[in-house]
Amino acid sequence: AVMPDWVAQGMLAVVGGIHLLPLSGALGPVQLASLYGVRMDDVNVIILMRHRAVMFGALGCFLLFAACDRRLHTAGLLVGSASVAPFLAIAHTSGGYNPQIARVVAADWIAAACLVVGAIARAL
């Protein structure tokens with residue numbers, strides 16, 4: 001490999017860490033409101049959003065695990081891209097989001113850049 005494995009490892013680790021950030025939302029509506037700047041007064045939305053937080057935690061753990069095993073780099077890059085790209089597309093086409101969502105968008109742009117660098121490193 002032209003580029004050392006640690007480049008892809010590092011990029012996957014950053015993306016994994018970014019995906020762990022929403023995990024605190026699993027604790028309840030106060031944490032969700034803090035993360036996303038939205039009122040959490042519908043129990044059904046709270047259930048869905050807490051589950052979303054847990055799923056992001058699981059995805060973040062997988063990405064960190066993939067960073068540690070070269071055989072999983074490609075899977076990690078694909079799964080990370082499948083998470084980041086649709087969110088960025090939805091946010092872009094929706095617009096008008098609050099500062100907390102803008103923070104999530106910025107984090108996902110960082111993740112997207114890391115995924116591109118990781119994919120290039122993996123391909124070389």
Please determine whether side chain to side chain contact (heavy atoms under 4.5 Å, CB included) holds for the pair Y36 and M49, giving the CA-CA distance in whole Å, both sets of side-chain angles, and the decisive distance to 0.1 Å. CA-CA 10 Å; Y36 303 116; M49 292 297 289; 3.6 Å; yes

Straight-line distance of [X] [atom1] to [Y] [atom2], nearest 0.5 Å:
X: N98; Y: R103; atom1: CG; atom2: CZ; value: 9.0 Å
X: M55; Y: L23; atom1: CE; atom2: CG; value: 12.0 Å
X: L124; Y: I120; atom1: CG; atom2: CD1; value: 7.5 Å
X: L63; Y: I18; atom1: CG; atom2: CD1; value: 10.0 Å
X: M40; Y: L48; atom1: CE; atom2: CG; value: 10.0 Å

pair [X]-[Y]: side-chain heavy atoms closer than 4.5 Å:
X: Q100; Y: L35; answer: no
X: L64; Y: L20; answer: yes
X: V104; Y: F87; answer: yes

Give me the one residue out of L12, V7, L77, V117 that meets side chain to side chain contact (heavy atoms under 4.5 Å, CB included) with R122.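 Of all the options given, the one that passes is L77.
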
Search all heavy atoms of [X] against all heavy atoms of [Y] and return the closest pair with its distance.
X: A8; Y: A121; answer: N-CB, 4.1 Å
X: A53; Y: A26; answer: CB-N, 3.4 Å
X: S81; Y: P86; answer: O-CD, 3.7 Å
X: G76; Y: A66; answer: CA-CB, 4.1 Å
X: A112; Y: V84; answer: CB-CG1, 3.8 Å

Check whether any side-chain N or O of [X] sits under 3.5 Å from a backbone N or O of [Y] as a donor-acceptor pair, and report yes or no.
X: D108; Y: A111; result: no
X: D5; Y: R70; result: no
X: S94; Y: A91; result: no

Run the side chain to side chain contact (heavy atoms under 4.5 Å, CB included) test on M11 and L115 for me, step by step, so that the C-alpha distance in whole Å, both residues' side-chain angles and the decisive distance to 0.1 Å come before the verdict. CA-CA 6 Å; M11 296 299 100; L115 289 163; over 6 Å; no

ILVMFWY cluster, [X] and [Y] together (side-chain gap under 4.5 Å):
X: V14; Y: L88; result: no
X: V54; Y: L32; result: no
X: V45; Y: I101; result: yes

Can you list the steps and then say if H19 with S83 is a side chain to side chain contact (heavy atoms under 4.5 Å, CB included)? CA-CA 9 Å; H19 278 80; S83 170; 2.8 Å; yes

Does F56 form a side chain to side chain contact (heavy atoms under 4.5 Å, CB included) with L21? I'd like the steps, not just the answer. CA-CA 8 Å; F56 271 108; L21 295 174; over 6 Å; no

